[in-house]
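Structure first, commentary second.
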There are 4 protein chains.
Amino acid sequence: MYEDLKNQLYEAHLNLEKYGLVAYTSGNVSVRVGSHIIIKPSGVPYDKLKPQDMVVINMQGNVVEGDLKPSVDSATHLYLYNNLDDIGSIIHTHSPYASSFALLNQPLPVYSTAHADVFGVEIPVSPYAPVGTEAIGKAVVDVVNQARAVLLSKHGVIVMGKDIQEAIRNAIFLEEVAKTAYFARTMGNPEPLDKEEAKRLFEFHHKSYGQKK
Amino acid sequence: MYEDLKNQLYEAHLNLEKYGLVAYTSGNVSVRVGSHIIIKPSGVPYDKLKPQDMVVINMQGNVVEGDLKPSVDSATHLYLYNNLDDIGSIIHTHSPYASSFALLNQPLPVYSTAHADVFGVEIPVSPYAPVGTEAIGKAVVDVVNQARAVLLSKHGVIVMGKDIQEAIRNAIFLEEVAKTAYFARTMGNPEPLDKEEAKRLFEFHHKSYGQKK
Amino acid sequence: MYEDLKNQLYEAHLNLEKYGLVAYTSGNVSVRVGSHIIIKPSGVPYDKLKPQDMVVINMQGNVVEGDLKPSVDSATHLYLYNNLDDIGSIIHTHSPYASSFALLNQPLPVYSTAHADVFGVEIPVSPYAPVGTEAIGKAVVDVVNQARAVLLSKHGVIVMGKDIQEAIRNAIFLEEVAKTAYFARTMGNPEPLDKEEAKRLFEFHHKSYGQKK
Amino acid sequence: MYEDLKNQLYEAHLNLEKYGLVAYTSGNVSVRVGSHIIIKPSGVPYDKLKPQDMVVINMQGNVVEGDLKPSVDSATHLYLYNNLDDIGSIIHTHSPYASSFALLNQPLPVYSTAHADVFGVEIPVSPYAPVGTEAIGKAVVDVVNQARAVLLSKHGVIVMGKDIQEAIRNAIFLEEVAKTAYFARTMGNPEPLDKEEAKRLFEFHHKSYGQKK
């Protein structure tokens, strides 16, 4: 089932590793297709992972296809798919720069045009919630607003997109934006962009950037 | 058209990625040849980019050859080619260390001989200007003076050279110099080099360094 | 002897290098099998290391098999195997982020759920002890308590596991957790997780994460 | 001439790049053989460099063999070979972490056992001296004392060894040690090791570490 999507999901996981968003076994990407979710198996190291290891589950979290146990974060992914419209792919990582804001319970302000282009608004922090239940999903939905990414208090990040390509792009740019923000913050006091200008850049970027499909 | 230059441009883009100056789809390099500009297509991930994807445009920004849409930063590149003499190649990136100075609206002082060798003067910051119009190009021309690089307020960097090889070298060294400056600045208060000495090093370096063509 | 374990040990060493925990010749991994220890030879650069270079020693530190001299840290490894139950593999590195806490004689608090998941408790610092004798081993045993990792004052880290796979995972995550902690600490004042919650996360993670063997 | 040494020199340059001590064209390694020095050609990018590009010069700096111009730092290398005993190989880089101490005109204290093992003493800073003459060489000789590495004020580092293998090892470990020192310094106030203990560790390490040739 879903051979092409499993390959895309596999490639997305390789990108997580390439850009330093995950280490060894951490992090996971899922994609929604109809009433199924495809997600990384739990605790498999990236250098052992294969496309056919990806696990297909239904919206109740039961395995539909696959020999391996799905990610322990599956409940979080399912809650988000069930409660957010227009989300086709979800990524969870402990990306070091972005997560350092989460460890401080601080949102990531829109310090740069790159942040505005991709996200349009500051990245909010959701309150602390324990892993393995729906609690993280609920906390994310409460704060997500128009952002496509949320910092999880004392934990990591959730990044979303309408499809795998948008989700992986958002995940890579979140860490890139957080890295530059960290450098600026530890050297001085950067001023966030004006909110209207950030919104304008986001709209321009989403209208003008990239190739038409 | 321009097969050799497209290959050089492709190789320059790979160097941007190798040295961490760009991530996924960000950044672009262009080269001027007669009354044409060759530039990266918009939003194509680096691991999918091919030499033949490079887009040829004229000085009015119209596509002369290529199946893909050129970079959204094309207007900035064109303005600079039209208003600065002796520039044959332009690079735009969000290089993290250099951009952190841009987020703080601070120029990058000549803290090191490596900075003096390559640039001779501090890297100025241009005032904030929105992407996609000539505004960034104008802001850069206003401050560029004798520098071959400019920090774009709350955005990133523009680096220039007489050809692709000089531009890519300048882009790599700008980030290298900014990285060391960042480390020094977060650990203490580095003193800039004397301006005359910086100028002398620049002239010595440009006379003595490298192989004669 | 032990061809399969030597291959696993070799792969573990490659992971140390891949994740930046070691440089050139530094660091070592050992594994216990019956009354033998297999360990990296002393001072061999990672790009020259081969599986068959691994040295087999007995619990008195005498070479049982191998043409090369074992790691100078062998005495530390032996002391730990002789004094800690349930340890099947030991890793010693100077992982830069974790070691910076060791240089400050500061434990690494449980700032993140990732830290709690893998370690459950803060990583303690052992008092300064000279290399090459049993002193480091003793200092580690004194402070290790329920942690599977110890920061060595002004030195580096010792990480342990029931087998090679657990030890290497602990070593990679220790540095990942220390990196994010460093970023948070240099940008603000992160609050550690509640001790009970950290313990609960550790137990949940060890019960639920990964694939059953 | 000297095919084997040119290959070793080439491999040493690749290690400089692998460990991030140099970027694009910067940095150089030389080796002394009899009354000849073999050194990197000036300004050749690392991904274009070949073993046969290495330039053989005599102790007066004249090219003995090679089609390319030798490094602009040749005068510095020659001065050091002429004035320091027991030095068979010299490396010059702008390694970012170590150079940040040089930008602050601060020596690198012996914060860690790894520093003591390899260098035994703090890494001194030589006074500012312009490139391309014997001035840098003289400044290094004045401060080098028993250290095998010197920080060049507002510039970079010089690292030495009795042969290429020792020099490259010293260069890699200098940056590794400086990196951990930087992390500790930006997070707190690390205390240097006692001088006698540092000396003892250096002697133990040089007697016990590695394989006998």
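Chain letters run A, B, ... following the sequence lines, proteins first and then strands; every chain starts at 1. Values below: every heavy atom of this structure, side chains too, minus hydrogens, waters and symmetry copies.
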### Task
Counting only heavy atoms closer than 4.5 Å, note whether B/Tyr209 contacts chain D via side chain, backbone, both or neither.
both
### Task
Please check if the side chain of D/Ser100 supplies one atom and the backbone of B/Phe183 the other of a donor-acceptor pair under 3.5 Å.
no
### Task
Over all heavy atoms of both residues, which pair between B/Lys18 and D/Asp47 is shortest? Give the atoms and the distance, please.
NZ-CB, 4.4 Å
### Message
Counting only heavy atoms not in D/Asp67 (residues, nucleotides, ligands), do more than 12 fall under 6.0 Å from its CG?
### Response
no
### chain D contact via B/Asn15 - side chain, backbone, both or neither, heavy atoms under 4.5 Å
side chain
### Query
With distance as the sole criterion, is a donor-acceptor pair present between the side chains of D/Tyr182 and B/Thr186 under 3.5 Å?
yes
### Query
Any chance CG of B/Asn189 has more than 12 other-residue heavy atoms, nucleotides or ligands included, within less than 6.0 Å?
no
#### Entry: Residue pair D/Leu103 / B/Ala184: nearest heavy atoms and the distance that separates them
CB-CB, 4.0 Å
### Task
Can you establish whether the number of heavy atoms outside D/Lys199 located under 6.0 Å from its atom NZ is more than 12?
no
### Heavy-atom closest pair, residues B/Tyr19 and D/Tyr24
OH-N, 2.9 Å
#### Entry: Smallest separation among heavy atoms of B/Glu176 and D/Pro96, with atom names
OE2-CG, 3.5 Å
### Query
Do we see a donor-acceptor contact under 3.5 Å between the side chains of B/Thr113 and D/Tyr128?
no
### Query
Would you say the side chain of B/Ser112 lies within less than 4.5 Å of the side chain of D/His94, judging by non-hydrogen atoms?
no
### Task
For residues B/Thr180 and D/Ser99, report the shortest heavy-atom separation together with the two atoms involved.
CG2-CB, 3.8 Å
#### Entry: Region of B/Tyr111 that comes under 4.5 Å of a non-hydrogen atom in chain D
both
### Message
So for D/Ser95, is it side chain, backbone, both, or neither that comes closer than 4.5 Å to the heavy atoms of chain B?
### Response
neither
### Query
Do you know which of B/Glu175, B/Arg200, B/His205, B/Glu197 has the most heavy-atom pairs under 4.5 Å to chain D?
B/Glu197
### Task
Measure the CZ-OG1 distance between B/Arg169 and D/Thr25 for me, rounded to the nearest 0.5 Å.
4.0 Å
### Message
Please give me the minimum heavy-atom distance between D/Lys69 and B/Gln211, naming the atom from each residue.
### Response
N-OE1, 2.8 Å
### Query
Which one of D/Val131, D/Asn105, D/Val44 has the most heavy-atom pairs closer than 4.5 Å to chain B?
D/Val131
### Query
To the nearest 0.5 Å, how far apart are CG in B/Leu201 and NZ in D/Lys154?
12.0 Å
### Message
Quick check on D/Ser71 against chain B: is it the side chain, the backbone, both or neither that has a heavy atom closer than 4.5 Å?
### Response
neither
